[in-house]
2 protein chains.
Amino acid sequence: MREREQEQSSANGPIYLRVRDQIADQIENGLLQPNSRLPSERVLAESNHTTRVTARLALAQLEAEGRIYRSNRRGWFVSPPRLVYNPTEDYSFSDNVVAQGRVPATETLDVTTIEANAWLAAKTGLAEGDPIVRLHRRRQIDGRSVLVENIYLNARRLPGIETFDFNRSLWKLMREHYGLELARKQIEMFPTALVDPQAEALGVNAGTAGLYVTRCSRDNEGCFVEFDEEFWLHDTLSIQVDVR
Amino acid sequence: MREREQEQSSANGPIYLRVRDQIADQIENGLLQPNSRLPSERVLAESNHTTRVTARLALAQLEAEGRIYRSNRRGWFVSPPRLVYNPTEDYSFSDNVVAQGRVPATETLDVTTIEANAWLAAKTGLAEGDPIVRLHRRRQIDGRSVLVENIYLNARRLPGIETFDFNRSLWKLMREHYGLELARKQIEMFPTALVDPQAEALGVNAGTAGLYVTRCSRDNEGCFVEFDEEFWLHDTLSIQVDVR
DNA sequence: AAGTGGTCTAGACCACCAC
DNA sequence: TGGTGGTCTAGACCACTTG
């Protein structure tokens, strides 16, 4: 413990920031490749002559910056590049992921027909009690679950929608089967922590940083079609939008 | 310490999640108003028969959710509502804040003329070495610093821009003085932690959650006008965009 | 001067995962 | 079964802010 005094390295700040910088350098230099495992917390603590609490502070910093992520109790891993995502476009998640050289996967967790509650009525413009098909999906990139979503579909506007295969692109389904081009779209998003139903579905701890994204789509006549609510892990995406 | 065993409250999970829920309830019930101070960490620890480390875990959760924020070493405070922000619009920060019933402030921290480096050249389409006016500002809502930004202006397209008062709306300046309507705009944003130059400028700890937003604007001829780089505190804004 | 959060120690036990 | 992160204890000293 005593030899820390003579460690006159670059930063004279807190230990955990020095540990953070050291790991960040290793990531930037390619010593640590995307998705590779970091040394365990106990090893990091020992090799820096400090304790686990301090090592975890450094790891939490890197996690907040989106440079590393944790997987269950398996360890800490280097984050791969963010997926570039344009929420204003009708697009296929799978096509987009493939176009960026990654491997997508979609799991349909649940499909139910429900009635619009007050919250949904306010978001969609439907009346309370109107029928809605609720679709719950989880999506992965390279085997890592990166988002869960709730999709609320206007059952009257899309009759029979609940009978389709929801692991393919919804957007293609709407266009090809219903001859539908989405016109108006309202998008809202903000950073927040993922809490319990979603955190558990993604296999992360409650409190993990995320991005909450909603999209409300209408047809040419302004009729509500789809309300989409997405919970992303914060280090997995970069939003990109072109205007005009 | 021993009496914790009989504390058979709602959640049987970790202590810090119970403390989190208890504080979250007080915020939702209005017992804790926006911008009011929470009890100190030591008080929270004692009143929950636990230690500061655990109390801080609970506070960190609420901070990650955007429900509370910290101010220097003064304490923890309840977050006010998020500012609704549309980065695709030419708009005045001040007008927008006022329209939402809040009090805005802008501080110009620095104005310099620089030459485009490789990074700026790639972002703007200018050549390396082209002249750019760099404007560094900090903006507040109700006295809390919520973002710092770097604005890079095309000095050739906006001659004399560096002589103006930068505490007013840049967008109005461009329209009224240069007769300029911005046409194409590329926006990119992702959640990340705020690190040192920006964290310090905002008076927060390195590692505080933030949202990084960039906007690149061009005129009708596609000529680069402005590249804006914004660092927001993550709990202070909600992005909202309407398409078509 | 007193109180606050910021950092840190040196341990401990637990739940879960991989071997 | 051994190693991982997840949670927790019971303290400590420091830097800074506030009255």
Side-chain angles (χ1 to χ4, degrees), chain A residues 1-5 7 11-21 23 36-64 68-77 143 193-194 196 199-200 203-208, chain B residues 1-5 7 11-21 23 36-64 68-77 143-144 193-194 196 199-200 202-208:
Chain A
M1 219 64 40
R2 300 289 141 255
E3 57 264 40
R4 188 153 13 88
E5 267 79 298
E7 269 187 55
N12 281 351
I15 300 172
Y16 74 91
L17 290 183
R18 294 214 308 270
V19 177
R20 175 200 66 175
D21 290 343
I23 298 174
S36 69
R37 238 202 74 195
L38 270 63
S40 78
E41 296 177 356
R42 287 165 177 85
V43 168
L44 285 172
E46 256 186 83
S47 65
N48 288 283
H49 312 292
T50 183
T51 61
R52 265 186 78 202
V53 175
T54 303
R56 278 171 69 81
L57 267 183
L59 294 167
Q61 288 275 327
L62 292 161
E63 184 186 37
I68 65 174
Y69 65 95
R70 43 186 131 186
S71 174
N72 275 331
R73 277 155 221 264
R74 299 196 304 114
W76 296 84
F77 298 82
L194 300 173
D196 226 14
E200 201 188 350
V204 298
N205 292 343
T208 299
Chain B
M1 220 61 40
R2 300 286 141 258
E3 57 265 40
R4 188 152 13 88
E5 266 80 296
E7 269 188 56
N12 281 352
I15 299 172
Y16 74 91
L17 289 184
R18 295 215 306 271
V19 177
R20 175 200 66 176
D21 290 343
I23 297 174
S36 69
R37 236 202 73 194
L38 271 63
S40 78
E41 296 177 356
R42 287 165 177 87
V43 168
L44 285 172
E46 256 186 82
S47 66
N48 288 283
H49 311 292
T50 182
T51 61
R52 265 186 77 202
V53 175
T54 303
R56 278 171 69 81
L57 268 183
L59 293 167
Q61 289 275 326
L62 292 160
E63 184 187 36
I68 65 174
Y69 65 96
R70 44 185 130 185
S71 174
N72 275 329
R73 278 154 221 264
R74 299 196 304 115
W76 296 84
F77 299 82
R144 179 182 178 206
L194 300 173
D196 227 12
E200 201 187 350
L202 290 172
V204 299
N205 291 343
T208 298

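Reminder, nothing fancy here: chain letters follow the sequence lines and each chain counts from 1. Bear in mind the structure is a predicted one, so any value in this text is a computation, not a measurement.
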Whole angstrom is fine here: how far is it from [atom1] in [X] over to [atom2] in [N]?
{"X": "A:R56", "N": "C:dT9", "atom1": "CZ", "atom2": "C1'", "answer": "16 Å"}
{"X": "A:R70", "N": "C:dC16", "atom1": "CZ", "atom2": "P", "answer": "16 Å"}
{"X": "B:R42", "N": "D:dC13", "atom1": "CZ", "atom2": "P", "answer": "13 Å"}
{"X": "B:E63", "N": "C:dG5", "atom1": "CD", "atom2": "P", "answer": "12 Å"}
{"X": "A:R73", "N": "C:dC17", "atom1": "CZ", "atom2": "P", "answer": "7 Å"}

(request) For A:N72 and for B:L57, locate the closest nucleotide of DNA chain D by heavy-atom distance; then report the residue assigned to the nucleotide nearer the 5' terminus. (result)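 The answer here is A:N72.
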
(message) Any side-chain to backbone donor/acceptor pair from A:Q61 onto A:L17? Under 3.5 Å, distance only.
(response)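 Not a single qualifying donor-acceptor pair exists.
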
(request) Would you check if the side chain of A:S47 reaches a backbone N or O of A:V43 as a donor-acceptor pair within less than 3.5 Å? (result)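 Indeed, once roles are kept as given, a pair shorter than 3.5 Å links the two residues.
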
(message) Tell me whether the side-chain N/O atoms of A:Y16 come closer than 4.0 Å to OP1 or OP2 in C:dC8.
(response)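 For C:dC8, OP1/OP2 do not have a side-chain N/O of A:Y16 under 4.0 Å.
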
(message) With a 4.0 Å limit, can you tell me whether A:T50 has a side-chain N or O closer than that to the phosphate oxygens OP1/OP2 of C:dT9?
(response)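 Yes, within the criterion.
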
(message) Quick check on DNA chain C: between B:S40 and B:V53, whose nearest nucleotide comes earlier from the 5' end?
(response)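 Result of the comparison: B:S40.
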
(message) Using only modelled atom types and a 3.5 angstrom limit, is any donor from either the side chain of A:R52 or the base of D:dG6 paired with an acceptor on the other?
(response)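 Looking at the base of D:dG6, it does pair with a donor or acceptor on the side chain of A:R52 (distance under 3.5 Å).
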
